[in-house]
Amino acid sequence: MKVSGRHYRTIWVNEDGWSVDIIDQRWLPHDFRVETVRTVDGIATAIRDMWVRGAPLIGVTAAYGVALRMREDASDASLDAAWETLHATRPTAINLRWALDEMRRVLRPLPVSERAKAAYRRAAEIADEDVELNRGIGRNGLEIIRTIAAKKKPGEPVNILTHCNAGWLATVDYGTATAPIYLATEAGIPIHVYVDETRPRNQGAHLTAWEMAGHGVPHTLIVDNAGGHLMQHGMVDMVIVGTDRTTANGDVCNKIGTYLKALAAKDNGVPFYVGLPSPTIDWTVRDGVKEIPIEERSADEVSLVWGRDEDGKTRQVRISPEATPCGNYAFDVTPARLITGLITERGIADASAEGLARLFPERSGMAA
Ligand SMILES: CSC[C@H]1O[C@H](OP(=O)(O)O)[C@H](O)[C@@H]1O
């Protein structure tokens with residue numbers, strides 16, 4: 001998307017033709033920094049420490065991590081070691097595993113001499129595929145927004161609530177939950193977005209608010225716990241979120257707090273949608289609550305908060321006593337029964353095995 005009038009993706013091959021440039025999202029919204037990564041270990045650090053984050057972007061970044069490794073050593077042992085190093089970075093987003101398996105599927109049969117070039121080619125294809133998947137989600141989600149807009153008074157905005165950041169910063173471009181928002185804005189449909197700050201890393205406050213401002217989308221930053229109140233007072237027309245892993249039955253794993261939004265939406269009759277690119281579907285899992293591994297991250301993410309002080313210096317401050325233990329569960333699972341629809345690149349699916357099988361018949365047979 002555009003940053004100060006210039007188009008960016010979140011990841012690209014440097015002009016040297018081999019190193020990998022990424023937007024280092026840790027410093028947004030105050031600083032826009034690009035980092036150049038030159039090794040598979042550097043890519044692993046970037047994923048683990050959330051320089052880059054978001055399920056689709058994590059997958060693409062890992063694919064380029066394999067390519068960087070193949071450039072140095074394209075042996076079977078090196079390929080397997082790269083897979084292990086990158087797979088160990090974050091456990092929840094299925095896109096990471098999917099991309100690593102896809103890279104190994106493509107590279108394993110090739111002569112060692114051909115693997116580096118093939119790895120860069122496949123990584124670039126996965127990045128381009130992500131953009132097209134998100135454009136498809138945008139087109140399909142736009143129709144939902146258009147239908148809601150038709151029932152509003154002329155000029156009255158469609159009020160959309162979103163959680164965390166499932167925007168272009170979580171993908172290669174366009175985003176998943178935000179793709180319909182961007183296309184609706186471009187179509188001239190009046191919309192307004194409630195942006196959940198999304199504790200503890202505040203991806204909403206840091207990233208989604210920055211994206212919305214950059215794209216001229218009217219928005220309001222709210223604390224995570226305000227969503228239910230807004231829904232009770234008829235201030236939200238729809239909720240749309242992203243996902244890090246969706247099961248064959250339509251259970252949706254997403255940033256912690258998503259489940260609570262879905263409960264509030266159900267209780268208030270607010271439609272709850274998920275932007276779902278098909279590589280994020282884990283066809284081998286049916287019960288998301290029981291089977292999806294939930295990442296637990298550092299206590300520091302809960303007890304320390306990043307921000308910019310009055311002198312313009314970015315710093316961390318501690319918000320709890322030093323000795324206070326912290327729980328930091330990075331994701332939760334929203335059961336399919338709470339979900340109105342899954343917005344995929346192929347259309348809107350009911351959140352069920354049948355709904356997903358209707359859109360993806362060639363894959364649904366994989367369900368356990
Ligand atoms: C388009 S999927 C984005 C998804 O990833 C985020 O998690 P994290 O920032 O920890 O990578 C969040 O769950 C978003 O919905």
Side-chain angles (χ1 to χ4, degrees), residues 1 10-11 22-26 28 46-62 89-96 98-99 127 129-131 133-138 141 161-182 195-208 210-211 224 239-246 251-262 272-282 288 292-298 301-302 306 328-334 339 342-345:
M1 301 300 277
T10 48
I11 187 169
I22 59 171
I23 297 173
D24 184 345
Q25 301 183 26
R26 294 176 297 169
L28 290 172
I47 295 171
R48 183 184 306 110
D49 295 348
M50 297 177 70
W51 302 13
V52 296
R53 27 64 51 199
L57 179 54
I58 288 171
V60 172
T61 306
T89 54
R90 296 188 72 190
T92 302
I94 189 63
N95 311 63
L96 174 61
W98 175 86
E129 287 161 10
D130 178 64
V131 175
L133 291 172
N134 299 335
R135 290 167 65 92
I137 291 169
L161 185 145
T162 192
H163 190 69
C164 197
N165 174 256
W168 72 272
L169 289 170
T171 67
V172 174
D173 206 345
Y174 282 98
T176 57
T178 59
I181 291 170
Y182 291 135
V195 176
D196 272 359
E197 63 176 351
T198 316
R199 285 277 293 147
R201 287 188 65 109
N202 298 312
Q203 287 95 321
H206 291 330
L207 305 177
T208 303
W210 183 79
E211 283 196 33
D224 292 327
V239 178
I240 183 167
V241 300
T243 175
D244 295 81
R245 188 185 307 214
T246 292
D251 294 343
V252 166
C253 181
N254 196 50
K255 184 53 52 191
I256 194 78
T258 303
Y259 171 44
L260 296 179
K261 287 295 146 19
F272 187 94
Y273 287 97
V274 179
L276 170 61
S278 56
T280 309
I281 301 171
D282 184 346
I292 296 176
I294 299 300
E295 179 183 14
E296 292 189 49
R297 295 185 61 88
S298 159
E301 292 186 351
V302 178
W306 277 100
N328 186 5
Y329 306 94
F331 301 96
D332 59 25
V333 175
T334 299
I339 297 166
L342 302 169
I343 307 172
T344 78
E345 68 273 15

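Fair warning: this is a prediction, and the values are worked out from it, not measured in the lab. In listed order, ligands and their atoms are each counted from 1. Computed over heavy atoms, backbone and side chain alike; hydrogens, waters and symmetry mates excluded.
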[X] heavy atoms, cut-off 4.0 Å: which ligand 1 atoms fall inside?
X	result
Q203	8 (P), 9 (O), 10 (O)
A170	1 (C), 3 (C)
R90	8 (P), 10 (O), 11 (O)
T243	2 (S)

[atom] - nearest protein heavy atom and its distance:
atom	value
atom 1 (C) of ligand 1	T176 OG1, 3.3 Å
atom 15 (O) of ligand 1	N254 OD1, 2.5 Å
atom 3 (C) of ligand 1	N165 O, 3.5 Å
atom 4 (C) of ligand 1	D244 OD1, 3.5 Å
atom 12 (C) of ligand 1	C164 SG, 3.5 Å

Verify, without hydrogens or angle tests, whether [X] (side chain) and [Y] (backbone) share a donor-acceptor contact under 3.5 angstrom.
X	Y	result
Q25	L169	yes
T243	C253	yes
T10	T171	yes
D130	V172	yes
T61	L57	yes
D173	W168	no

**Asked** For N134 and T176, does a side-chain donor sit closer than 3.5 Å to a side-chain acceptor?
**Response** no

Ligand 1 versus [X]: contacting region, heavy-atom distance under 4.0 Å:
X	result
A93	neither
R201	neither
K255	both

Heteroatom distance test ([X], ligand 1): nitrogen or oxygen, under 3.5 angstrom:
X	result
T171	no
H163	no
G54	yes

**Asked** Would a 4.5 Å heavy-atom cut-off, applied to side chains only, mark L342 and I281 as touching?
**Response**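 When only atoms from C-beta onward are counted, I281 and L342 do not touch, as no gap falls below 4.5 Å.
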
**Request:** Report yes or no: does a heavy atom of P56 sit under 4.0 Å from some atom of ligand 1?
**Result:** yes

**Request:** For the pair R245 and D282, find out whether any cationic side-chain nitrogen is under 4.0 Å from an anionic carboxylate oxygen.
**Result:** yes

**Message:** By the definition side-chain hydrogen bond (donor to acceptor under 3.5 Å, both in side chains), identify the one residue from T208, D196, N202 that meets it with N165.
**Reply:**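 Result: among T208, D196, N202, T208 is the only option passing the side-chain hydrogen bond (donor to acceptor under 3.5 Å, both in side chains) with N165.
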
